[in-house]
Amino acid sequence: MRKAGEKVMLPALTVLCLLCGLRARINVYEAFVQGAKSGFLTLVQILPALTAILTATALLRETGLMESVQQAMAPFFSALHLPEEAAGVLLLRPLSGSASVAAVSEVIARTGADSRAARFCCVVSGASETVFFTASLYFSGIKRTRYAVGTALFAYVCGVWAAAMLV
C-alpha cells in the first residue's frame with residue numbers, strides 16, 4: 001500500500017519544475033520539446049551499439065555457449081580460488097547489467113543466499129560497471145577512445161580481485 005506522500009511526490013515535483021521555469025521566464029513547453037528531441041537524437045545515435053551488446057548477450061545465454069565457457073573456465077577459477085559458479089556473472093557483468101543480475105539469481109537459487117558464491121556474485125555485481133555497455137553509450141560516434149575501455153576492464157578485474165579477498 002502506498003503512503004499518501006508517495007502519491008503526490010511526482011505531481012508536486014512536476015508543478016515545482018513548471019513554477020521554477022515560469023519564474024525564470026522560460027518557455028517551459030518549448031524547453032520540454034527541445035529536451036525530448038535531443039533525447040530522441042541520442043537514442044538514434046546509440047541504438048546500433050545498444051542492439052549489438054544486447055544481441056551478443058542474448059546469443060551467449062540462449063545458445064548454451066555461456067554454459068560451455070563456464071565449464072571450460074572451471075579449472076581456472078579453482079586455481080584462483082574463485083567460486084566456479086560465478087563464471088557466468090563475471091563474464092556477463094561487463095556486457096549487460098540485466099543479464100548479470102539474472103546470472104546472480106541463478107547462482108543464489110543453486111547455491112543458497114548465504115553461500116560464498118552468492119555473496120561473491122552480489123559484491124561483484126553491485127560494485128562493478130557494465131564496461132562494454134557503458135562504453136557503447138558514451139563513445140557512440142567517437143572513433144578514438146584511447147585507453148578508456150582497457151582501463152575500465154583493468155578496474156573491473158581489480159574489483160573482482162577485491163571481492164574475492166573480501167568475501
Side-chain angles (χ1 to χ4, degrees), residues 1-70 73 86-109 118 120-163:
M1 184 86 182
R2 293 175 119 179
K3 296 177 185 173
E6 292 176 0
K7 291 181 182 180
V8 297
M9 185 63 74
L10 188 59
L13 187 60
T14 303
V15 170
L16 179 66
C17 287
L18 286 171
L19 291 175
C20 287
L22 291 173
R23 183 171 182 252
R25 301 191 191 283
I26 295 173
N27 184 344
V28 178
Y29 179 74
E30 183 66 30
F32 176 78
V33 170
Q34 279 299 107
K37 181 180 177 183
S38 175
F40 183 73
L41 293 175
T42 301
L43 173 67
V44 168
Q45 189 178 23
I46 67 172
L47 197 57
L50 184 63
T51 303
I53 292 289
L54 294 177
T55 301
T57 302
L59 284 173
L60 279 174
R61 290 183 55 87
E62 299 301 323
T63 61
L65 183 59
M66 181 58 68
E67 287 80 21
S68 299
V69 171
Q70 284 176 313
M73 293 184 73
V89 175
L90 294 180
L91 295 172
L92 288 173
R93 185 63 187 164
L95 295 172
S96 168
S98 58
S100 68
V101 168
V104 169
S105 296
E106 289 173 12
V107 170
I108 291 171
F120 176 75
C121 289
C122 288
V123 170
V124 167
S125 184
S128 61
E129 182 56 70
T130 52
V131 174
F132 295 110
F133 180 79
T134 304
S136 69
L137 294 180
Y138 289 132
F139 297 140
S140 289
I142 297 174
K143 301 286 186 240
R144 295 175 10 174
T145 59
R146 203 148 170 112
Y147 305 112
V149 173
T151 303
L153 285 174
F154 178 71
Y156 175 71
V157 169
C158 290
V160 169
W161 177 78

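Here, residue 1 is the first one in the sequence, and each next residue gets the next number.
Judged as a side chain to side chain donor-acceptor pair (under 3.5 Å), the pairs with a partner in residues 87-104 (not counting sequence neighbours) are, in order, R93-S100, R93-S128, S96-S98. Residues in residues 37-50 take part in no salt bridge (charged side-chain N to carboxylate O under 4.0 Å, His left out) pair, two or more places apart or across chains.
With contacts defined as side-chain heavy-atom distances shorter than 4.5 Å, the pair C17/V28 does not qualify. In this structure the side chain of L90 reaches within 4.5 angstrom of the side chain of Y156, judged on heavy atoms. At least one side-chain heavy atom of V101 sits less than 4.5 Å from a side-chain heavy atom of S125. The shortest side-chain heavy-atom distance between V89 and E106 does not fall under the 4.5 Å cut-off.
With hydrogens and angles ignored, the 3.5 Å screen pairs no side-chain donor or acceptor of S38 with any backbone N or O of Q34.
Atoms CG and CG, on L18 and L22 in that order, are 6.5 Å from each other to the nearest 0.5 Å. The distance from the CG atom of L54 to the CG atom of L47 is 9.5 Å, given to the nearest 0.5 Å. Atoms CG and CE, from L59 and M66 in turn, are 11.0 Å apart once rounded to the nearest 0.5 Å. For the atom pair CD of E67 and CG of L60, the computed distance is 10.0 Å after rounding to the nearest 0.5 Å.
When all heavy atoms of A163 and V124 are compared, the pair lying nearest together is CB-CG2, 3.8 Å. Considering all non-hydrogen atoms of both residues, A103 and L92 come closest at CB-CD1, 4.1 Å. Counting all heavy atoms, side chain and backbone alike, G97 lies closest to T130 at N-CG2, 3.2 Å.
Listed by chain and residue number, N27, V33 satisfy the side chain to side chain contact (heavy atoms under 4.5 Å, CB included) test with Y29 (two or more places apart in sequence, or in another chain).
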